[in-house]
Amino acid sequence: MGINIYNDEEKKYSKLIEDLKELPKINAPDNFEFQLMTRIQNKNFENAKELKEPFNFIKFFAPSAVVVSVIILFFIFLPGNDTQYENPLMSDPSQITSQIDHKSNLAEDVNSQKVSEDNNVTEPKGPLSSKAYNVTVNPNDAVVRPNEKYPIFRNRSIALDDYISGENQKRNSLQRGNVVKSGDAAPEFDGFFYREEPDQKTIEKYRSMMDSVKRAQAKADSLKRAKKVE
Amino acid sequence: MALNRNLTDLTDEELIKEFQVSNTLDAYEILVKRYKDPLMNFVFRFVGDRDACTDIVQDTMIKFYLNKDSYREFAKFSTWIYTIAGNLAKNELKRRKRRNLFSIDNSDDERSFQIEDKSFLAPDRAADSEIKNEIIQRALLKVKPIYREVVILRDIQGLSYEEIAEITALSIGTVKSRINRGRTQLQKLLKNIYKE
C-alpha cells in the first residue's frame with residue numbers, strides 16, 4: 001500500500017514529504033468500535049444516511065415564477081405606445097415633402113394645361129390626378145409659393161467655395177454675419193458677427209509691399225519706354 | 001475462535017466478500033479494526049477537527065455496513081473505503097463553508113485553524129517538533145481541498161498514484177499535477193521552515 005521511493009519530482013519536496021510522513025498518527029478513540037456497534041445494533045443510521053429532500057415544486061418553481069411575473073409586469077406597464085411611434089430617420093421630412101408635392105402639382109397643372117390646349121381633349125385620368133385638372137393656371141397668373149421655412153437670401157449669402165478660394169473677399173459686415181446665420185426669422189435676427197480687429201502693423205506691411213511692387217512696376221515700365229525710344 | 005483466526009488471515013477483499021455473502025459481522029468488525037485508524041488519520045488531516053473526524057469515520061463505517069453490496073470485486077477495498085470517507089469529509093467541509101457564509105458572527109471553529117503569522121514564530125520555536133507538526137497541520141488546512149486530499153493520501157497515508165487516482169476518480173496525470181501543486185502551496189505556506 002505504501003510507496004516510499006522518491007522520484008525526481010519528489011526530491012524537490014523531500015524535506016516537506018519527510019515531515020508529512022513524520023506527523024503523528026491520529027488513532028480512533030478507544031470506544032470507537034463499541035459506539036459503532038451500538039449504533040448498528042440500535043439501527044441509529046441518521047447521520048450516515050443521505051437525507052435526500054423530496055422534490056419541492058414550490059422551491060423549484062418559485063424563482064422562475066418571480067422572473068416570469070416581473071417580465072409580464074414590465075411589458076404591461078411599459079410606458080409609451082409602439083404603434084404611435086414613428087422613426088424620424090426612416091420617414092421623409094414633412095416640410096420637404098409638402099414643398100415637393102406643391103411643386104409637382106404646379107408642374108402637373110402647367111403640363112396638363114398645355115396638353116389640353118394642344119389637343120382640346122380632356123382625358124380623365126386616375127382618381128388621384130383628377131384634382132389637377134380642376135385647377136387652371138394662366139400664364140399671367142401669379143403663382144403663390146408657400147412660405148419657405150428656411151429662406152436663403154442670395155444677396156446676403158456667399159458661396160462657400162468662393163470664400164475659401166479667396167474670391168469675393170469684399171464683403172461688408174452684414175454679409176459676414178450671414179455666413180453663420182440660421183433660423184427661420186431671418187429679418188429679425190441677423191446672425192452672429194465675428195468682428196475682426198484690423199492689425200495696423202499688418203496693414204502697413206502689406207501697404208509697403210504693394211508700394212514696392214508698384215515702384216518696381218513703374219521702373220520696369222520706364223525702362224521699357226526708354227528701350228522703345230532708343 | 002478458529003473462525004476468527006481464519007478471518008484475520010483473510011485479505012480485505014476476501015473479508016468483504018465474506019461479509020457480503022454470509023453477512024458475517026466478524027468480517028465487518030475486522031475490516032473496521034483495520035481501517036479505523038488510517039481513516040481517522042486521513043480525515044483528521046483533511047478536516048482538522050478531531051470530533052468531526054470521529055463522526056465522519058463512524059459514518060463511513062456505517063455507510064460501509066449499509067451499502068456493502070455496492071462494493072464491486074474489481075476495486076480494492078481500501079480505495080473504496082477511502083472514497084467514502086473522502087466524500088463525507090468533503091461534505092463536512094462544504095457544510096462548514098455554508099455555515100460560515102450564513103453565520104452572523106464569524107466565530108466558527110475553522111477560524112481557529114488559520115495559520116499563524118509567520119513572523120510570530122521564532123526559529124528556535126519552529127524547530128520544536130510538536131510546534132512544527134502543528135504548523136504543518138495548520139498549513140495543510142490552508143491548502144485547497146482538491147490538492148490537500150491528494151497530498152494527504154500520497155505523503156501522509158502513503159498510497160500509490162494508482163490508488164489515489166482510483167479514490168479520487170481522476171487520471172494519474174491529474175493526480176500527479178495536483179500533488180505537485182499541493183506541495184508547492186504547502187511549501188509556500190511553510191517557507192519559514194523550509195528556507196532554501
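All of these numbers come straight from a predicted model, not from anything done at the bench.
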Just verifying a value: how many Å separate B:L15 CG and B:L31 CG, rounded to the nearest 0.5 Å?
4.5 Å

Checking salt bridge (charged side-chain N to carboxylate O under 4.0 Å, His left out) against B:D155, which of B:R183, B:R148, B:R45 comes through?
B:R183

Please determine whether a side-chain nitrogen of the Lys or Arg among B:R138 and B:E134 lies less than 4.0 Å from a carboxylate oxygen of the Asp or Glu.
yes

Does any heavy atom of chain A fall under 4.5 Å from the side chain of B:I156, the backbone, both, or neither of them?
both

Side chain, backbone, both or neither: which part of B:V32 has a non-hydrogen atom closer than 4.5 Å to chain A?
side chain

Quick one: list whatever passes salt bridge (Lys or Arg N to Asp or Glu O under 4.0 Å) with A:E33, sequence neighbours left out.
B:K36

Heavy-atom contact with chain B under 4.5 Å, split by part of A:L16
both

Under a 4.5 Å heavy-atom cutoff, which of B:T184, B:L25, B:L140, B:I56 has the most pairs with chain A?
B:T184

Listed by chain and number, what are the salt bridge (Lys or Arg N to Asp or Glu O under 4.0 Å) partners of B:K90, not counting sequence neighbours?
B:E149

Check each atom of B:Y28 against the heavy atoms of chain A and say whether the ones under 4.5 Å are side chain, backbone, both or neither.
side chain

Where does B:V43 contact chain A at under 4.5 Å (heavy atoms): side chain, backbone, both or neither?
neither

